[in-house]
Asker: 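Have a look at the structure that comes next, please.
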Amino acid sequence: MKKIISTTMAAVLMAAALVGCGGGQQGSTGGTETTAAQTQAAAGGETTQAAAEAETTQAAASGEAGNKTITLAMVSAWDSVIPFDTTSSYSDVVLDLIYDKLVFLKQDGTYEPRLADTWEMSDDNTELTVHLNENAKWQDGEPVTAEDVVFTCKVYGSPTVAAVRQNNVSPFAGFKESDDSLKVEAVDEHTVKFTCAQPTNMDFLFFIKFRDIYILPSHILGDLPFDQIRESDYWEKPIGSGPCIYESQISGERMEFTANKNYHLKTPDWDRFVVKVVATPSLLSGLINNEIDILAGNVASLQLSDWEMAQQQENLICQSNESVGYQYMAINTSKEYLTPKVRQAINLAINREAIVSGLLKGEGEPAFGPFSKSHLYYNEVINVGYDPEKAKQLLAEEGWDGSHELVFSVPTGNAIREQAAVIIQQNLQEIGIKTNIESADFATHLNKVRESNYDLGLIGSGGSPDPSECVINFKPDHVNNFSQLSDWSIYDTGAAGESAFSFEDRKVAYDAYQNLLVEQVPFCFLYFQNNLFAQNKRIGGVVDIEDASQLNRAVWNWTVSE
């Protein structure tokens, strides 16, 4: 007996179980114009008649050149179009246009078909079977098959590739044993079976692991040795199965697409799609002057100083959306002077209410952990509060003499976060902790944090309706172990929630997980900021832009009126 989860049932079950929970530098991609046939030959595949005609097919898929163009703005550039080699939400914006994912994730905790039509989990929660949409095609006309999903997962999990997003496939049996050992199998042309190494929660797989697995074409890349995949010319003009066909880019400034008129979910109403990098202070003027049509949501929000004016513009639709995304300050636990008590003192010294009321003007809420107060897994006992006197007491107990100056790494590009850093610096000065703010672009900042060349560092997270979202950041051997933890207790406690199957059992694990975060303080959680969204009224079909926090936008539903 299997648990069959249809589209409707998945939404109902997820709604019953869950409620809602930066930028890089330009990567190695260039603007070389390469036909699909040339791409396949360069990738090592046999040049077939279909490949030779691919350019024509792709042109047909994009339709006649038209004037219905949508320009979407985000505030920093992507760092790569190689899906398994980035953790940037800015890169995810363009990846989600080029490629498909199995499901469309929603901030309300439900998920809907995208490349997958239906799915089912075995009674023992070890085998997930996914049935693909049989109408899906690559932008060169080839069908999307189960082999593409198998190939993609094996690339993600390959020890040879050593992908940044390798842990996306870590629940599956055979993970990292060899390049071909991962237990993801094609049952037939449109059915994939995933075998887990141990019983695993299906919602965890969809919301956390599958969220940023972008399916790659095995018929183009599949003949390449895994250690040569990154060097393929394919990445210069990637062919996906998503709603947008890659056309060109200007490094760090814009990426342009034509519509995939053969997209299996819906034929786009528009003809062209442009992703444009626009600094936050210029977003409103761009919207008013019709230079941009719509903001990207989680990676582009109007600044608060522009919010009132934006709402007065006749050509704009504006809305303030609560977000599961949050900002936090990582603390380098490998530094011997940043003891648990010192980290607790730092946590107590931060005046989060001042940040929310002053900087956010009330458009947000203080964060005391990775879950907002409306999140089903929020632990009501957790409330760090603002207590500078207790913070001073803890420092005195540790013998802190105030002579040490902490390196406070702050990424540029997010004005509120940069201003929050100044408030935090003042808060810490008041309890006797000196800091030196070192600002850098996000990619440089992230490298500094990963390489342990910092004491305090500001980072943001998109959050998730699933409580497992942040757990991986506390895994000592993971690339996103920003706080340099060597203690596995936080990760192990959170991971216990990942493998629990009832809400009650998961809640016990995640309550304990939140308690440990407050005790050990690898992160100081700071605030949840509402997303101040705006779009031109000529753009229709934008129903749930808050779902962008889950790394997807249903752009195939968007329309343009002239």
Asker: Counting C-beta onward and ignoring hydrogens, is there a side-chain heavy-atom pair between D547 and K106 closer than 4.5 Å?
Answerer: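 With C-beta onward as the side chain, the pair touches.
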
Asker: Which value, rounded to the nearest 0.5 Å, describes the distance between Y491 atom OH and L485 atom CG?
Answerer: 13.0 Å

Asker: Take L287 and Q313 through the side chain to side chain contact (heavy atoms under 4.5 Å, CB included) test and state the conclusion after the steps.
Answerer: CA-CA 9 Å; L287 286 162; Q313 303 306 308; over 6 Å; no

Asker: Between D100 and S241, do the side chains contain an N or O donor and an N or O acceptor separated by less than 3.5 Å?
Answerer: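 Present: a donor and an acceptor within the cut-off.
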
Asker: CD1/I382 to CZ/F525 distance, rounded to the nearest 0.5 angstrom?
Answerer: 10.5 Å

Asker: Quick one, K261 and T267 - any side-chain contact, counting heavy atoms below 4.5 Å?
Answerer: yes

Asker: List the atom of I431, the atom of L395, and the distance in Å for their closest heavy-atom pair.
Answerer: O-CD1, 3.3 Å

Asker: For Y510, does its backbone N or O pair with a side-chain atom of Q514 as donor and acceptor, under 3.5 Å?
Answerer: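 Checking the backbone N and O of Y510 against the side chain of Q514, a donor-acceptor pair under 3.5 Å is found.
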
Asker: Just wondering, do Q529 and S323 contact through their side chains at under 4.5 Å, heavy atoms?
Answerer: no

Asker: Hey, does the side chain of R553 reach the backbone of V93 with a donor-acceptor pair shorter than 3.5 angstrom?
Answerer: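 Side chain of R553 to backbone of V93: no pair is present.
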
Asker: Would you indicate whether K390, at its atom NZ, is surrounded by more than 12 heavy atoms from other residues, nucleotides or ligands within a distance under 6.0 Å?
Answerer: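 Atom NZ in K390 is not crowded, with 12 or fewer foreign heavy atoms closer than 6.0 Å.
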
Asker: Checking the side chain of N321 only, and the main-chain atoms of D544 only, is there a donor and an acceptor separated by less than 3.5 Å?
Answerer: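 Side chain of N321 to backbone of D544: no pair is present.
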
Asker: Yes or no on side chain to side chain contact (heavy atoms under 4.5 Å, CB included) for S80 and W235, after CA distance, side-chain angles and deciding distance?
Answerer: CA-CA 9 Å; S80 180; W235 307 111; over 6 Å; no

Asker: Is a side-chain donor-acceptor pair under 3.5 Å present for N298 with S549?
Answerer: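 No - no donor-acceptor pair under 3.5 Å links their side chains.
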
Asker: Donor-acceptor check, side chain of R114 to backbone of F104, threshold 3.5 angstrom: yes or no?
Answerer: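 A pair under 3.5 Å: no.
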
Asker: Quick check: are there more than 12 heavy atoms from other residues, nucleotides or ligands sitting under 6.0 Å from CD of Q319?
Answerer: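 Correct, the count exceeds 12.
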
Asker: Determine whether more than 12 heavy atoms belonging to other residues, nucleotides or ligands lie under 6.0 Å from atom CD of E322.
Answerer: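 No, the 6.0 Å shell around CD holds no more than 12 heavy atoms from other groups.
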
Asker: May I ask you to decide if P465's main-chain N or O and Q107's side chain share a donor-acceptor pair within less than 3.5 Å?
Answerer: no

Asker: Do the rings of Y326 and Y328 sit parallel, tilted or perpendicular, given the 30° and 60° boundaries?
Answerer: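 Because their plane-to-plane angle lies in the 30° to 60° range, the rings of Y326 and Y328 count as tilted.
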
Asker: Would you confirm whether N347, through its side chain, and C524, through its main-chain N or O, come within 3.5 Å as a donor-acceptor pair?
Answerer: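 Looks like no, no N/O pair under 3.5 Å.
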
Asker: What closest approach, in Å, do D293 and T69 show between heavy atoms, and which atom pair accounts for it?
Answerer: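 Of all heavy-atom pairs spanning D293 and T69, the closest is OD2-O, 3.5 Å.
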
Asker: Could you check if a side-chain atom of L105 sits within less than 4.5 angstrom of a side-chain atom of N552, using non-hydrogen atoms only?
Answerer: yes

Asker: Taking the side chain as everything from C-beta on, heavy atoms only, tell me whether I346 gets closer than 4.5 Å to V521.
Answerer: no

Asker: Donor-acceptor check, side chain of W558 to backbone of W270, threshold 3.5 angstrom: yes or no?
Answerer: no

Asker: Can you name the nearest heavy-atom pair linking F207 to G109, along with the distance?
Answerer: CE1-O, 3.5 Å

Asker: Indicate yes or no: does K101 engage D212 in a salt bridge with an N to O separation below 4.0 Å.
Answerer: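 Result for this pair is no, no salt bridge flagged.
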
Asker: Less than 4.0 Å between a side-chain N and a carboxylate O, is that true for D269 and K68?
Answerer: yes

Asker: Of all the heavy-atom pairs spanning P411 and F442, show the shortest one and how long it is.
Answerer: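 The pair with the smallest heavy-atom distance is CB-CD1, 3.7 Å.
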
Asker: Would you say E546's side chain and G297's backbone share a donor-acceptor pair under 3.5 angstrom?
Answerer: no

Asker: Holding to side-chain hydrogen bond (donor to acceptor under 3.5 Å, both in side chains), I want the full list of residues that pass it with K335, two or more places apart in sequence or in another chain.
Answerer: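 With sequence neighbours excluded, K335 shows a side-chain hydrogen bond (donor to acceptor under 3.5 Å, both in side chains) to no residue whatsoever.
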
Asker: Let me see the working for M255 and V81 under side chain to side chain contact (heavy atoms under 4.5 Å, CB included), right down to the final yes or no.
Answerer: CA-CA 11 Å; M255 191 177 288; V81 293; 3.8 Å; yes

Asker: One pair to check against side chain to side chain contact (heavy atoms under 4.5 Å, CB included): Y386 and L348. What are the steps and the verdict?
Answerer: CA-CA 5 Å; Y386 172 55; L348 289 167; over 6 Å; no

Asker: Among F408, F523, F482, which residue meets the side chain to side chain contact (heavy atoms under 4.5 Å, CB included) test with M329?
Answerer: F408

Asker: Less than 4.5 Å apart, side chain to side chain, heavy atoms only: is that true for F273 and P268?
Answerer: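 Answer no - side chains too far apart.
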
Asker: Under the side-chain hydrogen bond (donor to acceptor under 3.5 Å, both in side chains) rule, what pairs show up with a residue in residues 405-414, not counting sequence neighbours?
Answerer: S409-H445

Asker: Is there a side-chain contact between V324 and Q550, using heavy atoms and a 4.5 Å cut-off?
Answerer: yes

Asker: Whether the E469 and S461 side chains hold a donor-acceptor pair (N or O, under 3.5 Å, no angle test) is what I'd like checked.
Answerer: yes

Asker: How long is the straight-line distance from CZ of R211 back to CG of D92, given to the nearest 0.5 Å?
Answerer: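 Going from the CG atom of D92 to the CZ atom of R211 covers 7.5 Å.
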
Asker: N480 vs R450, test: side chain to side chain donor-acceptor pair (under 3.5 Å). Steps then yes/no.
Answerer: CA-CA 7 Å; N480 283 353; R450 283 178 171 154; 2.7 Å; yes

Asker: Does S483 reach the main-chain N or O of A330 with its side chain, forming a donor-acceptor pair under 3.5 Å?
Answerer: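 Checked: no pair found.
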
Asker: What are the two closest heavy atoms between A163 and D85, and how far apart are they?
Answerer: CA-OD1, 3.8 Å

Asker: Is the CD atom of Q312 crowded by more than 12 outside heavy atoms at less than 6.0 Å?
Answerer: yes

Asker: Within the structure provided, determine whether F371 and N379 are in side-chain contact (heavy-atom separation under 4.5 Å).
Answerer: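 A side-chain contact under 4.5 Å is absent here.
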
Asker: Does atom NZ (K537) have a neighbourhood of more than 12 heavy atoms from anything else shown, all under 6.0 Å?
Answerer: yes

Asker: About how many Å separate CD1 of I424 and CD of Q419, when rounded to the nearest 0.5 Å?
Answerer: 12.0 Å

Asker: Which heavy atom of A310 sits nearest to which heavy atom of L316, and what is that distance?
Answerer: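 Heavy atoms of A310 and L316 come nearest at O-CD1, 4.0 Å.
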
Asker: How long is the gap from CH2 on W78 to OG1 on T86, to the nearest 0.5 Å?
Answerer: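 Rounded to the nearest 0.5 Å, the CH2-OG1 separation comes to 12.5 Å.
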
Asker: Is a side-chain N or O of Y234 found less than 3.5 angstrom from the main chain of I239, in a donor-acceptor match?
Answerer: yes

Asker: Which value, rounded to the nearest 0.5 Å, describes the distance between S88 atom OG and L446 atom CG?
Answerer: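 Rounded to the nearest 0.5 Å, the OG-CG separation comes to 9.0 Å.
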
Asker: Using the rule salt bridge (Lys or Arg N to Asp or Glu O under 4.0 Å), only one of D203, D511, D466 pairs with R506; which is it?
Answerer: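 Among D203, D511, D466, the one meeting salt bridge (Lys or Arg N to Asp or Glu O under 4.0 Å) with R506 is D466.
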
